[in-house]
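Residue numbers run from 1 in the order of the sequence given. The analysis underlying the following values was restricted to heavy atoms, covering all of them including side chains, and did not include hydrogens, waters or symmetry mates.
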Amino acid sequence: MAPLLEVKDLGKTFPIRNLFGRTKGGVSAVDRVSFTLGAQGTLGIVGESGCGKSTLARLLLRLIEPDTGEVIYRGRNILELKGGELKAVRRRLQMVFQNPYSSLDPRMTVVDNVAFSLRANGVPAEEARAKSYGYLESVGLSRTHADRLPGSLSGGQRQRVAIARALVLHPEIVIADEAVSALDKSVQAQVLNLLRDLKQQYELSLIFISHDLHVVEYMSDEVMVMYLGRVVEKGPAAQIFARPAHPYTRALIASAPNMEDDRVGSGAPALTGELPSPLNPPSGCRFRTRCPYAVERCAHETPVLCERSPGHEVACLLDGQIS
């Protein structure tokens, strides 16, 4: 079966300009990223802050225009679409942002925030409001919440409003960009369970972006690990968390608080050192400056993703040599 979404060699470099406006270099935020998303699947994208996760999400929706690559949704390259065709596709791909307060209009009531997307797509005001009440109920908010302003809600309630606003246009794919990172742990659990329930109810596919490995493990069918704009490992979630192959993945798992001690990653060295500047990334393997296993060839050769088992790909020159 063909994937619902297929991304091929997607790339984005932001130019750096001097005081006179001349380009003096660039930041490679996303570098030749490829992946697929199946119908009603969940892809978890994980990595430290600054690895390119959020930029990738915005490239998929063309909130930022990519420099290279393809984003193929149901057989059509989104990057080639314009006008009404692009608008129609965007209705099918929606996004939930990290900070719900900044993504909601503080001067509009909750129900009007949700109804805004429908009204922008030509739905009459009263019909849009009526539909919005139903979606607010589906995310666990009552009519008493609907007529309040976003500033009077808690963080968890505001994120529920953001989720309802994403769902109101009947999307097939929802991109959740650090959607629970700003919430308390108890509220995180409620929102995560809500997303899982809504995925089943509305037959959604999810792209779930987070720096929290426990959250990604709980939510995802497939996992993609990014470092300084590049994919270093991807594959089935159960396989990656049970047998991580890339030193960066192993270090992330070892660095995450965990009550279990029988994972492969739990015996690996924890992640140390600072993330290199994307203005001047290391040559060869970008992780080599923080990798405890790095050898001389890591400075000169750029690793590419290679399949180590069905569906499990790793970009490491020392794959198979690290115990």
message: I'd like to check Ile175 versus Phe208 (side-chain heavy atoms, cut-off strictly below 4.5 Å). Are they in contact?
response: no
message: Any side-chain to backbone donor/acceptor pair from Glu233 onto His246? Under 3.5 Å, distance only.
response: yes
query: Is the shortest heavy-atom distance from the side chain of Val161 to the side chain of Val114 under 4.5 Å?
result: yes
- request: Would you please test Arg107 and Asp112 for salt bridge (Lys or Arg N to Asp or Glu O under 4.0 Å) and show each step?
  value: CA-CA 10 Å; Arg107 298 165 298 179; Asp112 286 333; over 6 Å; no
- prompt: Atom OG of Ser154 and atom NE2 of His145: how far apart are they, to the nearest 0.5 Å?
  reply: 7.5 Å
message: Taking atom OH as the centre, does Tyr133 end up with more than 12 heavy-atom neighbours from other residues, nucleotides or ligands that are less than 6.0 angstrom away?
response: yes
query: Do the side chains of Leu149 and Val110 get nearer than 4.5 Å, heavy atoms only?
result: no
query: Transitively linked via ILVMFWY side-chain contacts under 4.5 Å: Leu153 with Val191?
result: yes
field: More than 12 heavy atoms of other groups within 6.0 Å of Arg119 CZ
entry: no
- prompt: What pairs with Glu85 under side-chain contact (heavy atoms from CB on, under 4.5 Å), at least two apart in sequence or on another chain?
  reply: Arg76, Leu81
message: Check this for me: does any side-chain nitrogen of one of Lys12 and Asp31 sit under 4.0 Å from a carboxylate oxygen of the other?
response: no
side-chain contact (heavy atoms from CB on, under 4.5 Å) partners for Ser181, two or more places apart: Gln98, Glu178, His211
task: With sequence neighbours excluded, tell me which residues meet side-chain contact (heavy atoms from CB on, under 4.5 Å) with Cys51.
output: Lys53, Met226
- prompt: Got a sec, which residues hit side-chain contact (heavy atoms from CB on, under 4.5 Å) with Val174, two or more places apart in sequence or on another chain?
  reply: Val96, Leu167, Pro171, Leu204, Leu206
query: Would Leu305 end up clustered with Val223 when hydrophobic side chains under 4.5 Å apart are linked, directly or stepwise?
result: no
Considering all heavy atoms, the nearest Leu59-Ile64 contact: CD2-O, 3.4 Å
field: Mutual orientation of the aromatic rings belonging to Phe287 and Tyr227 [parallel < 30°, tilted 30-60°, perpendicular > 60°]
entry: perpendicular
message: Whether Lys199 and Asp221 form a salt bridge (side-chain N of Lys/Arg under 4.0 Å from carboxylate O of Asp/Glu) is what I want to check.
response: yes
message: Please determine whether the number of non-hydrogen atoms from other residues, nucleotides or ligands lying under 6.0 Å from atom CD of Glu65 exceeds 12.
response: yes
- prompt: Do Thr68 and Asp9 come within less than 4.5 Å of each other through their side chains, counting heavy atoms only?
  reply: no
field: Between SG on residue Cys316 and OH on residue Tyr293, distance to nearest 0.5 Å
entry: 10.0 Å
message: Between Glu307 and Gly311 (side chain of the first, backbone of the second, donor and acceptor by atom type, cut-off under 3.5 Å), is there such a pair?
response: yes
For Phe14, ring-ring contact (aromatic ring centres under 6.0 Å, His included) partners two or more places apart: none
message: For a quick test of reading the model, state the closest non-hydrogen atom pair linking Arg165 to Asn113 and the distance between them.
response: CD-O, 3.3 Å
statement: Residues passing the side chain to side chain donor-acceptor pair (under 3.5 Å) test with Arg196, sequence neighbours excluded, are Tyr218
message: What I want to find out is whether Arg290 reaches Glu274 closely enough, with some N-O distance under 4.0 Å, to be called a salt bridge.
response: no
- request: Keeping the roles fixed (side chain from Arg90, backbone from Leu61), state whether a donor-acceptor pair exists under 3.5 Å.
  value: yes
query: Any side-chain donor-acceptor pair under 3.5 Å between Asp147 and Thr109?
result: no
- request: Report the C-alpha separation of Ser138 and Gln201 in whole Å, then their side-chain angles, then the decisive distance to 0.1 Å, and conclude whether the side-chain hydrogen bond (donor to acceptor under 3.5 Å, both in side chains) test is met.
  value: CA-CA 10 Å; Ser138 73; Gln201 180 180 349; 5.3 Å; no
Donor-acceptor side-chain pairing of Arg91 and Ser117 below 3.5 angstrom: no
task: Give a yes or no on whether Phe35 and Val216 share a hydrophobic cluster (residues Ile, Leu, Val, Met, Phe, Trp, Tyr; joining criterion: side-chain heavy atoms under 4.5 Å apart).
output: no
